[in-house]
There are 2 protein chains.
Amino acid sequence: MKRLPDDDCGFASALNVIGGKWKTDILWEINVAPRRFGELRRILAGVSEKVLAQQLREMEADDLIRREVFPGKVQRVEYSATEFGRSLNHAVGVMADWGKGYEIRMAQKAEEQAEEQAERSIALSA
Amino acid sequence: MKRLPDDDCGFASALNVIGGKWKTDILWEINVAPRRFGELRRILAGVSEKVLAQQLREMEADDLIRREVFPGKVQRVEYSATEFGRSLNHAVGVMADWGKGYEIRMAQKAEEQAEEQAERSIALSA
DNA sequence: GTAAGCGGTTACGTTGAGGTAAGGAGATCA
DNA sequence: TGATCTCCTTACCTCAACGTAACCGCTTAC
């Protein structure tokens with residue numbers, strides 16, 4: 001996601017924070033429960049270690065998530081959502097609901113076009 | 001904005017629709033009042049004709065805006081927001097509000113860090 | 001006749017987010 | 001001693017969004 005120049009409306013800022021390809025998924029997963037690095041790798045199938053580490057660090061810098069290193073026999077790092085992160089998750093939810101509506105609308109549109117296509121084929125063959 | 005694969009949550013779909021660099025601005029302007037192509041060019045200082053035309057066409061295909069050609073002596077094309085477009089504008093507004101909060105928070109954080117820096121300088125020079 | 005405004009389109013170059021693959025430090029296991 | 005697990009880092013590459021600049025048909029104004 002390109003870091004847009006901050007415009008007057010705040011939306012660009014929000015996109016700068018959450019626009020990364022995996023960030024909404026990361027935030028969602030961490031919001032469900034604190035997650036470890038390797039756990040996230042497994043859950044978010046397809047993300048590379050490089051990008052995961054990178055986006056986690058950016059989200060930490062933006063106060064969306066908290067990184068905690070637990071002392072123990074093996075290295076253990078846990079990421080959890082901050083209150084601020086949860087507040088963003090809510091705003092993302094509103095957009096996601098709209099996205100759902102869009103998907104349904106576009107599916108209907110595609111269906112209608114398929115029907116029209118079918119009708120044209122019948123008219124043509126008659 | 002890269003067209004992301006549609007995930008389960010709908011957010012990616014929403015981003016695919018509104019993620020273009022100028023689309024929120026376009027939607028906002030058109031929501032205020034119907035606008036002509038040249039008008040948008042002037043209002044959105046910095047957008048190129050190519051990208052403006054491209055994003056307008058994508059937004060039209062997504063039913064966010066309506067393109068109307070008015071017959072007359074000079075060519076006249078008007079873009080206006082659809083009801084669906086207005087509904088997206090609302091969801092964008094929620095994200096924008098969050099973005100505003102983020103900006104304020106980060107400004108405060110930067111201020112605090114500047115203060116700490118100043119204190120360190122004083123301690124060092126003493 | 002030519003300049004200028006409208007609403008574009010086209011070819012080409014740039015840039016940066018994300019992907020790939022490899023390495024690496026510290027600890028445990030066999 | 002080497003293999004394996006964890007949590008990363010680094011160098012390099014790819015690809016699509018965006019920018020630049022030129023051109024287009026149409027019309028009116030000078």
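We name chains A, B, ... by the order of the sequence lines, and we start the count at 1 in each one. Here the structure is a predicted model, which means the values were calculated and not measured.
Between Glu58(B) and Lys23(B), at least one side-chain N (NZ, or NE/NH1/NH2) sits under 4.0 Å from a carboxylate O, which counts as a salt bridge.
The distance between atom CZ of Arg67(A) and atom P of dT6(D), rounded to the nearest whole Å, is 16 Å. Across the protein-nucleic acid pair, Leu52(B) atom CG and dT10(C) atom P stand 16 Å apart, rounded to whole Å. Atom pair Tyr79(B):OH and dG7(C):C1' shows a separation of 7 Å (rounding to whole Å applied). The distance between atom CD of Glu58(A) and atom P of dT9(D), rounded to the nearest whole Å, is 12 Å. Atom CD in Glu60(B) sits about 14 Å away from atom C1' in dG7(C), given to the nearest Å. Atom pair Lys21(B):NZ and dG16(C):P shows a separation of 10 Å (rounding to whole Å applied). What separates CD of Gln54(A) from P of dT9(D) is a distance of 10 Å, to the nearest Å. Residue Leu40(B) contributes atom CG, which lies 10 Å from atom P of dG8(C) at whole-angstrom precision.
Between the Glu39(A) side chain and the Arg36(A) main chain, a donor and an acceptor come within less than 3.5 Å of each other. A donor-acceptor pair under 3.5 Å links the side-chain atoms of Thr82(B) to the main chain of Asp63(B), judged by distance alone.
The listed nucleotides are dG19(C), dG25(D), dT9(C); the one nearest the side chain of Trp22(A) is dG19(C). Listed nucleotides dT9(C), dC7(D), dG19(D) differ in distance to Arg36(A); the shortest reach to its side chain belongs to dC7(D). For Lys50(A), taking side-chain heavy atoms from C-beta onward, the closest of the listed nucleotides dA21(D), dT6(D), dT20(C) is dT20(C). Closest contact between the side chain of Arg42(B) and the listed nucleotides dT20(C), dC6(C), dA21(D) involves dC6(C). For Arg57(A), taking side-chain heavy atoms from C-beta onward, the closest of the listed nucleotides dT9(D), dC18(D), dT9(C) is dT9(D). In this structure, the nucleotide among dG18(C), dC18(D), dG7(C) sitting nearest to the side chain of Val77(B) is dG7(C). Checked against dG18(C), dT6(D), dT9(D), the side chain of Gln75(A) finds its nearest nucleotide in dT6(D).
Side-chain nitrogen and oxygen atoms of Gln55(B) include at least one within less than 4.0 Å of the OP1 or OP2 phosphate oxygen of dC18(D).
Toward the 5′ end of DNA chain C lies the nearest nucleotide of Val74(B), the other residue of the pair Phe37(B) and Val74(B) mapping further downstream. Both Lys73(A) and Glu39(B) lie near DNA chain C, and the one whose nearest nucleotide falls closer to the 5' end is Glu39(B).
Heavy atoms of Phe70(A) sit nowhere under 4.0 angstrom from any nucleic acid atom. Within 4.0 Å of Arg76(B), counting heavy atoms only, lie sugar-phosphate atoms of the nucleic acid but no base atom.
By the 6.0 Å and 45° rule, Arg35(B) does not stack over the aromatic ring of Tyr79(B).
Ring pair Tyr102(A)/Phe84(B) is parallel by interplanar angle, where below 30° counts as parallel and above 60° as perpendicular.
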